[in-house]
Amino acid sequence: MSEPILTAEEMLAWNERTAKTWRQLVEEHPEVLTLQCDIYGVTTVAELLRHIVAVETRYAQRLAGVTETSYDAIPYGTAAEIFGAHEAAMGGIRAELAKGGDWDAKMEFQTLTMGRARASRKTIFFHALMHSIRHYAQLATLVRQHGFKPAYPMDYLLMGIERVE
């Protein structure tokens with residue numbers, strides 16, 4: 001019996017499509033960045049978007065074995081800054097996928113909330129992408145409550161659905 005499998009490329013495509021939707025919304029309505037937000041202890045949407053891309057950036061760097069960028073160095077003043085950092089992180093993740101290697105290999109790293117930790121490269125990869133999707137879903141509720149609606153539904157179903165007439 002086969003089980004359904006969500007591939008790394010499919011997960012990456014979902015993350016990219018979702019980020020593109022957020023970039024479009026923030027470019028059309030930059031005032032969204034200033035909305036109050038208390039998710040993950042931040043005070044504005046801009047700060048939560050920085051948190052999202054900082055996690056993507058830092059985990060991409062961990063996978064590559066390079067020095068991690070500090071949170072404070074992640075720009076978050078405009079859509080171009082935020083999503084430029086996102087695109088750079090996704091480039092790093094794509095480069096690691098292209099290299100292949102042992103995705104079950106364990107890595108040690110320092111976290112901001114749990115101290116030293118160890119996880120497989122696969123766990124780190126999927127965490128970086130699912131973390132973003134989770135926070136984007138939280139953000140969708142928040143911005144809708146303020147009258148803004150993302151242009152594209154973010155459900156995974158829409159990655160492979162076909163309309164039947």
Side-chain angles (χ1 to χ4, degrees), residues 4-64 66 68-100 103 121-164:
I5 296 173
L6 183 62
T7 69
E9 284 295 331
E10 290 166 331
M11 189 67 203
L12 195 52
W14 184 27
N15 179 285
E16 290 284 274
R17 189 175 209 173
T18 303
K20 183 179 176 182
T21 299
W22 280 101
R23 182 176 191 147
Q24 179 183 349
L25 178 72
V26 174
E27 285 175 342
E28 290 174 8
H29 303 283
E31 64 272 24
V32 164
L33 293 175
T34 64
L35 293 176
Q36 288 187 329
C37 175
D38 66 353
I39 300 166
Y40 190 70
V42 301
T43 59
T44 65
V45 167
E47 291 172 349
L48 184 59
L49 287 169
R50 175 177 62 171
H51 169 68
I52 291 168
V53 300
V55 168
E56 292 172 342
T57 299
R58 292 165 61 85
Y59 279 101
Q61 292 166 334
R62 287 173 181 160
L63 288 170
V66 300
E68 298 163 25
T69 302
S70 73
Y71 263 68
D72 294 340
I74 305 289
Y76 62 101
T78 66
E81 289 176 337
I82 294 163
F83 293 99
H86 161 77
E87 289 165 10
M90 292 304 105
I93 285 178
R94 283 194 184 284
E96 288 304 306
L97 277 178
K99 284 183 195 173
W103 287 93
R121 295 180 79 240
K122 177 180 170 182
T123 298
I124 291 167
F125 169 84
F126 281 106
H127 170 71
L129 300 176
M130 294 172 125
H131 171 269
S132 301
I133 294 292
R134 176 173 55 89
H135 281 314
Y136 284 138
Q138 292 171 314
L139 257 180
T141 299
L142 183 117
V143 300
R144 276 195 296 270
Q145 290 171 345
H146 288 278
F148 300 97
K149 184 178 178 192
Y152 176 81
M154 293 173 241
D155 294 332
Y156 185 78
L157 178 65
L158 297 170
M159 293 298 291
I161 197 168
E162 298 175 12
R163 288 192 160 216
V164 178

Where the side chain of Gln61 meets the backbone of Thr69, is there a donor-acceptor pair that is under 3.5 Å apart? yes
Would you compute the distance between atom [atom1] of [X] and atom [atom2] of [Y] and round it to the nearest 0.5 angstrom?
X      : Y      : atom1 : atom2 : value
Thr57  : Ile74  : OG1   : CD1   : 4.0 Å
Ile124 : Leu129 : CD1   : CG    : 12.5 Å
Thr43  : Leu48  : OG1   : CG    : 10.5 Å
Asn15  : Arg17  : CG    : CZ    : 13.0 Å

Donor-acceptor pairs under 3.5 Å, side chain of residues 85-93 to any protein atom, not counting sequence neighbours: which ones?
from	atom 1	to	atom 2	distance (Å)
His86	ND1	Glu56	OE1	2.7
His86	ND1	Glu56	OE2	3.4
His86	NE2	Glu16	OE2	2.8
Glu87	OE2	Arg23	NH1	2.9

Less than 4.5 Å apart, any side-chain heavy atom of [X] and any of [Y]?
X      : Y      : result
Ile52  : Ile82  : no
Thr21  : Tyr136 : no
Met154 : Ile133 : no
Tyr156 : Leu6   : yes
Leu35  : Val32  : yes
Tyr76  : Leu33  : no
Met130 : Met11  : yes
Phe148 : Glu28  : no

So the salt bridge (charged side-chain N to carboxylate O under 4.0 Å, His left out) pairs with at least one residue in residues 121-136 (sequence neighbours excluded) are Glu96-Arg121
Give the minimum heavy-atom separation between [X] and [Y], together with the two atoms involved.
X     : Y      : result
Ile5  : Glu10  : O-OE1, 3.6 Å
Asp72 : Arg50  : CA-NH1, 4.0 Å
Phe83 : Leu49  : CZ-CD2, 4.3 Å
Tyr59 : Ala128 : CB-CB, 3.9 Å
Cys37 : Leu142 : CA-CD1, 4.2 Å

Partner set under ring pair (Phe, Tyr, Trp, His ring centres under 6.0 Å) for His146, not counting sequence neighbours: none
Please report the C-alpha distance between Tyr71 and His51 in whole Å, then the side-chain angles of each, then the deciding distance to 0.1 Å, and finally whether the side chain to side chain donor-acceptor pair (under 3.5 Å) criterion is met. CA-CA 8 Å; Tyr71 263 68; His51 169 68; 3.2 Å; yes
Using the six-membered ring wherever Trp is involved, compare the ring planes of His135 and His131 and label them parallel, tilted or perpendicular (cut-offs 30° and 60°).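 If you compare the ring of His135 with that of His131, the planes turn out perpendicular.
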